[in-house]
Number of protein chains: 2
Amino acid sequence: MSTPPAAASYHHGNLREALIEAAIDVARERGPDGLALRDLARRVGVSHNAAYRHFADRDALVDEVAGRGLAALTAAMQARLAVAERVVDPVLRARSRLAAAGHGYVDFALAEPGLFKVLFTSYPTPPDGAVGADGATEQDPFVMLNACLDDLVSVGFLAAAARVHAEITCWSTVHGFAVLHVEGPMRTASPADREAALVVTLTAIDRGYAASTGAVVAPGELFAEA
Amino acid sequence: MSTPPAAASYHHGNLREALIEAAIDVARERGPDGLALRDLARRVGVSHNAAYRHFADRDALVDEVAGRGLAALTAAMQARLAVAERVVDPVLRARSRLAAAGHGYVDFALAEPGLFKVLFTSYPTPPDGAVGADGATEQDPFVMLNACLDDLVSVGFLAAAARVHAEITCWSTVHGFAVLHVEGPMRTASPADREAALVVTLTAIDRGYAASTGAVVAPGELFAEA
DNA sequence: GGCGGCATGTGGGCGCCGTCAACATCAGGA
DNA sequence: TCCTGATGTTGACGGCGCCCACATGCCGCC
């Protein structure tokens with residue numbers, strides 16, 4: 001649909017991209033288990049095995065979809081972060097950014113459960129992947145989270161001692177929330193309950209970190225401008 | 001191996017249980033995707049399709065394995081809880097019990113990654129499942145968690161207002177930690193880092209809840225007798 | 001004691017799947 | 001111009017879940 005200028009017969013012209021796009025469609029509505037090379041080939045109007053000219057095996061295609069999913073997740077987080085950026089008070093802004101990052105993460109998982117599941121069938125190990133080929137720092141959920149936490153230390157809200165392994169704690173909480181609600185036991189919860197529980201959870205993280213420096217937090221201020 | 005007194009030929013005699021045991025073995029070493037009815041039938045020495053006399057379809061078998069896995073998870077949590085029970089001070093005991101429950105949860109996930117994954121392909125929705133057929137309260141990770149949290153309120157460590165949705169927060173954190181380390185991006189972390197991060201994470205939850213009542217916590221006391 | 005019914009196990013088949021091997025088609029450079 | 005490499009096709013193999021018809025043997029009932 002996008003740009004098929006070349007193809008008419010034998011050689012498709014843009015098969016690789018066409019397969020990826022079809023795969024994304026399928027992944028969105030059926031998740032990772034619904035991805036089948038033969039099915040995708042059929043959808044694109046090409047014979048089975050054609051895909052093997054562009055992907056070593058099924059996993060390679062799934063990895064590609066996961067990559068696109070990661071970009072979408074990053075975008076969702078950045079959208080929420082942009083809003084939090086407008087808070088004027090530096091401390092409240094830093095706190096809001098952490099909450100926003102988590103909120104965006106869960107938003108994406110609930111809005112795109114299929115892609116979210118695919119994403120975590122082949123997620124890059126975090127210590128790498130944070131730096132692009134040219135050495136520039138890429139935007140990636142893990143580096144965004146770390147930036148938020150470093151910020152919280154800078155503004156004096158999070159004690160340096162409590163910074164250790166805080167990425168793991170935050171990521172665990174938010175990821176667990178997403179998994180439990182997307183494919184886990186909480187998948188039947190109502191959207192209202194879900195949102196309320198998420199606010200409670202993000203607030204709990206905030207309050208816990210406030211305690212690390214004895215910072216005073218007012219109830220409700222974190223989600224005042226949600 | 002266990003009790004095959006009957007069988008020699010045509011009728012196996014104990015096929016259902018044999019299939020489940022074989023399925024558990026496979027699940028432990030290959031996870032849910034490694035479970036195939038035909039393969040299991042082959043292992044048990046019976047023809048394909050025989051399994052259909054005991055299970056409606058593949059999912060039914062997986063559900064059965066998930067049930068056994070849930071029992072094992074519950075046992076792992078109870079083992080840790082029993083240790084925490086020995087703490088004399090009531091407040092510290094209640095806090096230790098919550099941490100122990102989480103610790104047991106993660107222990108199980110890391111010790112039995114295959115079963116853990118199977119478990120969450122068909123986990124019962126929590127509001128149900130907490131009460132057995134005879135009306136007695138069953139032991140179940142979710143009810144254990146709720147009991148721990150109620151305890152924390154009783155001893156005055158957790159504010160009643162902060163009790164709302166606290167199950168979700170705690171479960172999310174611990175489940176996310178487990179998932180990230182079992183099959184997620186943190187799967188390559190060293191056992192030492194893992195354990196250190198887990199202690200930090202469980203401590204963070206404790207400190208956050210202490211803040212809800214202004215309770216004073218001493219560093220290190222939670223994991224003194226781990 | 002014989003017999004019939006029902007639970008249990010067998011064998012074959014269908015349409016999926018991923019993957020390998022051999023062959024067909026086409027575009028672009030020597 | 002032709003040939004070479006990239007790309008797409010056809011065919012096959014084994015494995016899967018599941019449906020069918022058929023075989024076997026245990027049980028209770030007359």
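Numbered from 1 within each chain, the chains take letters A, B, ... in sequence-line order.
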Quick one: is [X] getting a side-chain N or O under 4.0 Å of the [N] phosphate, OP1 or OP2?
{"X": "A:Tyr52", "N": "C:dG18", "value": "no"}
{"X": "B:Arg38", "N": "C:dT10", "value": "no"}
{"X": "A:His48", "N": "C:dC16", "value": "no"}

Between [options], spot the one nearest the side chain of [X], thanks.
{"X": "B:Ser47", "options": "D:dG15, C:dG11, C:dA21", "result": "C:dG11"}
{"X": "B:Arg53", "options": "C:dG18, D:dC18, D:dC22", "result": "D:dC22"}
{"X": "B:Arg42", "options": "D:dG15, D:dG8, D:dC19", "result": "D:dG15"}

Counting only distance, no hydrogens or angles, is the base of [N] paired donor-acceptor with the side chain of [X] under 3.5 Å?
{"X": "B:Asp39", "N": "D:dC16", "answer": "no"}
{"X": "A:Asp59", "N": "C:dG18", "answer": "no"}
{"X": "A:Asn49", "N": "D:dG11", "answer": "yes"}

Worksheet item: So A:Phe142 and A:Trp171, would you call those rings parallel, tilted or perpendicular, with 30° and 60° as cut-offs?
Response: tilted

Take the protein atom [atom1] of [X] and the nucleotide atom [atom2] of [N], then report the distance between them rounded to whole Å.
{"X": "A:Asp57", "N": "C:dG18", "atom1": "CG", "atom2": "P", "answer": "10 Å"}
{"X": "A:His54", "N": "D:dT7", "atom1": "NE2", "atom2": "C1'", "answer": "6 Å"}
{"X": "A:Leu37", "N": "C:dC20", "atom1": "CG", "atom2": "P", "answer": "11 Å"}
{"X": "A:Leu40", "N": "C:dC17", "atom1": "CG", "atom2": "P", "answer": "9 Å"}
{"X": "B:Leu15", "N": "D:dG25", "atom1": "CG", "atom2": "P", "answer": "16 Å"}
{"X": "B:Leu35", "N": "D:dG17", "atom1": "CG", "atom2": "P", "answer": "9 Å"}
{"X": "B:Arg16", "N": "C:dA7", "atom1": "CZ", "atom2": "P", "answer": "15 Å"}
{"X": "B:Phe55", "N": "C:dT8", "atom1": "CZ", "atom2": "C1'", "answer": "14 Å"}

Discussion item. Please determine whether the number of non-hydrogen atoms from other residues, nucleotides or ligands lying under 6.0 Å from atom CZ of B:Arg28 exceeds 12.
Written reply: no

Worksheet item: Any salt bridge between B:Arg163 and B:Asp150, counting N to O under 4.0 Å?
Response: yes

Worksheet item: What about the rings of A:His175 and B:Phe177, do their centers lie closer together than 6.0 Å?
Response: no

Item to complete: Apply side chain to side chain donor-acceptor pair (under 3.5 Å) to B:His103 and B:Glu195, showing your working.
Response: CA-CA 10 Å; B:His103 210 142; B:Glu195 190 65 21; 2.9 Å; yes

Worksheet item: Considering heavy-atom distances to DNA chain C, does A:Ala36 or B:Val46 have its closest nucleotide positioned more toward the 5' end?
Response: B:Val46

